[in-house]
Amino acid sequence: MKKIFSISLITTALFIAGCVQEASEKKEQADHNAEIKVLHEISLAEPAVEQVLVHKRLSQVQENSRVARAISYKGMAYHQVKSPTKMFTMPPANSLEKTNNEKYDHRKNNGVLVVNEQPISTFSVDVDTASYSNIRRILNQGVLPQHDAVRVEELINYFSYDYPAPTEQPFSVYSEIGPSPYNADKHLLHIGIKGKAMSADSRPAANLVFLIDVSGSMNQANKMGLLKNALKMLTNQLTQQDSVAIVVYAGAAGTVLKPTKGDNKQAIIDALAQLSAGGSTNGGEGIEAAYRLAQQSFIKDGINRIMLATDGDFNVGTTNNQALKNLIESKRNLGIDLSILGFGSGNYNDELMQQLAQNGNGNAYYIDNLNEARKVLVAELSSTLVTIAKDVKVQVEFNPQLVSEYRLIGYETRTLNREDFNNDNVDAGDIGAGHTVTAIYEVSLTSSSNKANDPLRYQRNNKPLTGNNSELAFLRLRYKAPTEQDSQLIEIAINKNKIIKKLADTSNNFQFSAAVAGFAQLLRGGVNLSTMELSNIIILAQQGRGKDVHGYRAEFINMVKLAQALSPQLSVNNE
């Protein structure tokens with residue numbers, strides 16, 4: 001009888017504790033939603049009122065959450081004491097988070113290198129923007145992104161910059177040197193590349209294959225629903241010279257639309273409307289089917305590209321990532337590129353999507369809303385589809401007479417060996433029509449009092465080969481024309497007389513890109529920053545905002561304010 005009574009009591013305790021926990025979770029969710037609503041309201045407020053609203057409303061929401069948790073803990077403690085055993089315990093309410101299986105590639109930040117020991121830096125260009133829009137999605141959900149979700153160069157290159165237009169070559173090269181806002185007595189070397197623009201009327205014919213993930217994980221409004229609307233936008237930009245096919249994959253791959261002329265928009269839109277999600281994912285089989293269709297409709301001297309739309313959740317079929325990458329790499333040699341349109345949250349495989357796009361001579365985009373779809377697939381369609389230069393590599397040699405140390409900001413996934421620069425068999429990034437690419441180095445001059453590394457005890461400084469004391473660095477850039485296999489070389493000297501003494505005197509390009517790079521570095525932990533916090537970033541971005549026709553820069557400033565509201569403690573972290 002006692003045993004039955006004990007079991008009954010335990011069962012009752014479990015039931016009551018579960019009810020308390022459920023009520024607490026519902027309350028916290030309501031508070032969380034209220035907090036996000038507050039943040040959106042704040043973004044519309046006047047600057048003078050903004051900080052008051054932030055502290056007042058967020059404090060109210062946080063206090064409600066604290067009281068709810070206290071009640072929950074008290075109830076759980078009561079039932080644990082009353083229970084005749086200690087077999088059942090519950091974690092704190094705020095530790096019960098929604099399962100997140102998103103995958104990101106872990107890369108250490110680039111370190112500070114000594115010029116006397118390693119004077120040359122080599123990397124591949126990167127025009128992907130997936131990291132920026134993905135971070136925007138995460139912040140709008142009310143949390144800060146994990147460090148590995150942030151790729152600094154993709155935040156910088158989300159924005160176009162006002163670099164000089166190219167004349168004879170496919171792109172122009174620009175440089176600027178000014179004070180670093182990140183650390184005292186250091187400088188930033190700003191390198192900008194601008195691709196030759198192309199009007200919609202002069203765009204080559206496009207052979208596009210939409211490869212669409214219709215697995216069960218895509219059965220959400222922010223995945224399949226957004227995907228359909230995004231591809232409808234792209235369809236509306238196509239003409240009679242273009243061709244579109246649609247392949248879907250889930251448990252098996254199938255052709256939904258055979259190659260169809262781009263002006264037959266109703267047939268394409270009808271095929272998209274019939275798509276529905278369900279089943280597990282056979283991504284490998286779908287990719288193979290898409291390449292077969294692309295080869296059948298291949299357009300010589302045209303655009304031949306597969307647009308893979310997915311959340312990256314490949315779990316059936318060819319799941320070996322290296323096998324997928326090898327397949328895509330072999331197909332790019334046939335002149336068929338692969339670009340990624342990422343969707344959704346919870347199980348988004350960012351790491352795999354980046355790797356597939358890089359191996360496919362394409363770009364990775366993340367579509368978090370219809371405005372981003374319009375940006376990528378309408379406003380910047382020529383950049384998205386048309387490649388004007390491939391295998392673009394950058395190499396910078398620093399002069400040890402004038403530069404003591406340097407750090408490349410971002411591009412951790414794009415670094416190359418020194419010898420890769422002259423090896424035309426080594427793959428690198430591509431530049432689309434009208435693309436701008438920006439890279440930033442933080443450097444310490446030999447006269448700087450702020451250096452990260454101590455001098456060596458047992459070695460003398462290497463003497464430079466020349467007595468050149470007018471050049472800070474020498475920039476080399478290699479690229480191939482889209483149909484060529486041999487690279488061409490551009491060389492530019494960067495002179496010390498270009499150094500700008502005051503940050504306020506630098507260009508909008510310099511100031512705004514520095515603000516974006518600073519924000520990205522803070523989100524990654526801020527290890528190499530000592531004089532920059534979120535408030536400094538907002539001021540610098542506002543000063544360098546310049547022309548903002550589409551409002552992208554204003555949106556960035558609001559993103560920084562949102563991060564500041566979500567975590568006022570987010571600042572420099574030198575741990």
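Throughout, numbering of the chain's residues begins at 1 and tracks the sequence.
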Run Asn528 and Gln521 through side-chain hydrogen bond (donor to acceptor under 3.5 Å, both in side chains) and show every step you take. CA-CA 8 Å; Asn528 290 302; Gln521 290 174 88; 5.5 Å; no
List the atom of [X], the atom of [Y], and the distance in Å for their closest heavy-atom pair.
{"X": "Asp126", "Y": "Val437", "result": "O-CG1, 4.2 Å"}
{"X": "Ala563", "Y": "Leu534", "result": "C-CD1, 4.2 Å"}
{"X": "Glu176", "Y": "Ile500", "result": "OE2-CD1, 3.4 Å"}
{"X": "Arg305", "Y": "Ser339", "result": "NH1-OG, 2.8 Å"}
{"X": "Pro170", "Y": "Ile388", "result": "O-CD1, 3.6 Å"}
{"X": "Gly302", "Y": "Pro204", "result": "CA-CB, 4.3 Å"}

Are the side chain of [X] and the backbone of [Y] linked by a donor-acceptor contact shorter than 3.5 Å?
{"X": "Ser513", "Y": "Asn509", "answer": "yes"}
{"X": "Asn359", "Y": "Glu329", "answer": "no"}
{"X": "Ser444", "Y": "Ser404", "answer": "no"}
{"X": "Ser180", "Y": "Tyr182", "answer": "yes"}
{"X": "Ser124", "Y": "Gly429", "answer": "yes"}
{"X": "Ser297", "Y": "Ala294", "answer": "no"}
{"X": "Asn495", "Y": "Asn497", "answer": "no"}
{"X": "Thr255", "Y": "Lys258", "answer": "no"}
{"X": "Lys228", "Y": "Leu275", "answer": "yes"}
{"X": "Glu412", "Y": "Asn110", "answer": "yes"}

Flag for [Y]-[X]: side-chain donor and acceptor within less than 3.5 Å:
{"X": "Glu372", "Y": "Tyr158", "value": "yes"}
{"X": "Thr129", "Y": "Glu154", "value": "no"}
{"X": "Ser175", "Y": "His190", "value": "no"}
{"X": "Asn157", "Y": "Glu153", "value": "no"}
{"X": "Arg545", "Y": "Asn508", "value": "no"}
{"X": "Gln485", "Y": "Asp424", "value": "no"}
{"X": "Tyr552", "Y": "Ser160", "value": "no"}
{"X": "Asn422", "Y": "Arg478", "value": "yes"}

Heavy-atom distance under 4.5 Å between the side chains of [X] and [Y], does that happen here?
{"X": "Tyr174", "Y": "Ile193", "value": "no"}
{"X": "Met233", "Y": "Asn229", "value": "no"}
{"X": "Glu288", "Y": "Leu327", "value": "yes"}
{"X": "Ile499", "Y": "Leu472", "value": "yes"}
{"X": "Asp337", "Y": "Ile306", "value": "no"}
{"X": "Thr387", "Y": "Asn361", "value": "no"}
{"X": "Lys496", "Y": "Asn399", "value": "no"}

Classify the ring geometry of Phe159 against Tyr161: parallel below 30°, tilted from 30° to 60°, perpendicular beyond 60°. perpendicular
Run the ring-ring contact (aromatic ring centres under 6.0 Å, His included) check on Phe343 and Tyr348 step by step: do they pass? CA-CA 7 Å; Phe343 293 85; Tyr348 181 61; 9.0 Å; no
Checking side chain to side chain contact (heavy atoms under 4.5 Å, CB included) against Ile340, which of Asn363, Leu308, Leu211 comes through? Leu308
Given Tyr291, which partner from the list Val209, Val247, Leu338 fulfils the side chain to side chain contact (heavy atoms under 4.5 Å, CB included) test? Leu338
Tyr406 ring centre to Lys186 NZ or CZ under 6.0 Å, with the angle to the axis within 45°? no
Within 45° of the six-membered ring axis of Tyr441 and under 6.0 Å from that ring's centre, is NZ or CZ of Arg407 located there? no
So, Tyr366 versus Tyr132, ring centres under 6.0 angstrom or not? no
Tell me, with the steps shown, if Glu102 and Arg137 meet salt bridge (Lys or Arg N to Asp or Glu O under 4.0 Å). CA-CA 13 Å; Glu102 295 181 8; Arg137 181 262 303 179; 3.0 Å; yes
When rounded to the nearest 0.5 angstrom, what is the spacing between [atom1] in [X] and [atom2] in [Y]?
{"X": "Ile138", "Y": "Gln146", "atom1": "CD1", "atom2": "CD", "answer": "7.0 Å"}
{"X": "Asn140", "Y": "Leu562", "atom1": "CG", "atom2": "CG", "answer": "6.0 Å"}
{"X": "Ile367", "Y": "Asn134", "atom1": "CD1", "atom2": "CG", "answer": "11.5 Å"}
{"X": "Met218", "Y": "Thr310", "atom1": "CE", "atom2": "OG1", "answer": "6.0 Å"}
{"X": "Asp105", "Y": "Leu352", "atom1": "CG", "atom2": "CG", "answer": "11.0 Å"}
{"X": "Arg476", "Y": "Ile492", "atom1": "CZ", "atom2": "CD1", "answer": "12.0 Å"}

Got a salt bridge between [X] and [Y], using NZ or NE/NH1/NH2 to carboxylate O under 4.0 Å?
{"X": "Asp128", "Y": "Arg414", "value": "yes"}
{"X": "Glu380", "Y": "Lys375", "value": "yes"}
{"X": "Asp350", "Y": "Arg151", "value": "yes"}
{"X": "Lys390", "Y": "Asp430", "value": "no"}
{"X": "Asp201", "Y": "Arg203", "value": "no"}

Trace of the ring-ring contact (aromatic ring centres under 6.0 Å, His included) decision for Tyr479 with Phe171: CA-CA 10 Å; Tyr479 72 94; Phe171 39 75; 4.9 Å; yes
Report the C-alpha separation of Phe210 and Leu234 in whole Å, then their side-chain angles, then the decisive distance to 0.1 Å, and conclude whether the side-chain contact (heavy atoms from CB on, under 4.5 Å) test is met. CA-CA 11 Å; Phe210 298 160; Leu234 174 57; 3.5 Å; yes
Using the side-chain contact (heavy atoms from CB on, under 4.5 Å) rule, take Asn207 and Ile336 through it: C-alpha gap first, then chi angles, then the decisive distance, then the call. CA-CA 9 Å; Asn207 165 34; Ile336 301 172; over 6 Å; no
Run the salt bridge (Lys or Arg N to Asp or Glu O under 4.0 Å) check on Lys547 and Asp162 step by step: do they pass? CA-CA 9 Å; Lys547 293 181 180 178; Asp162 189 21; over 6 Å; no
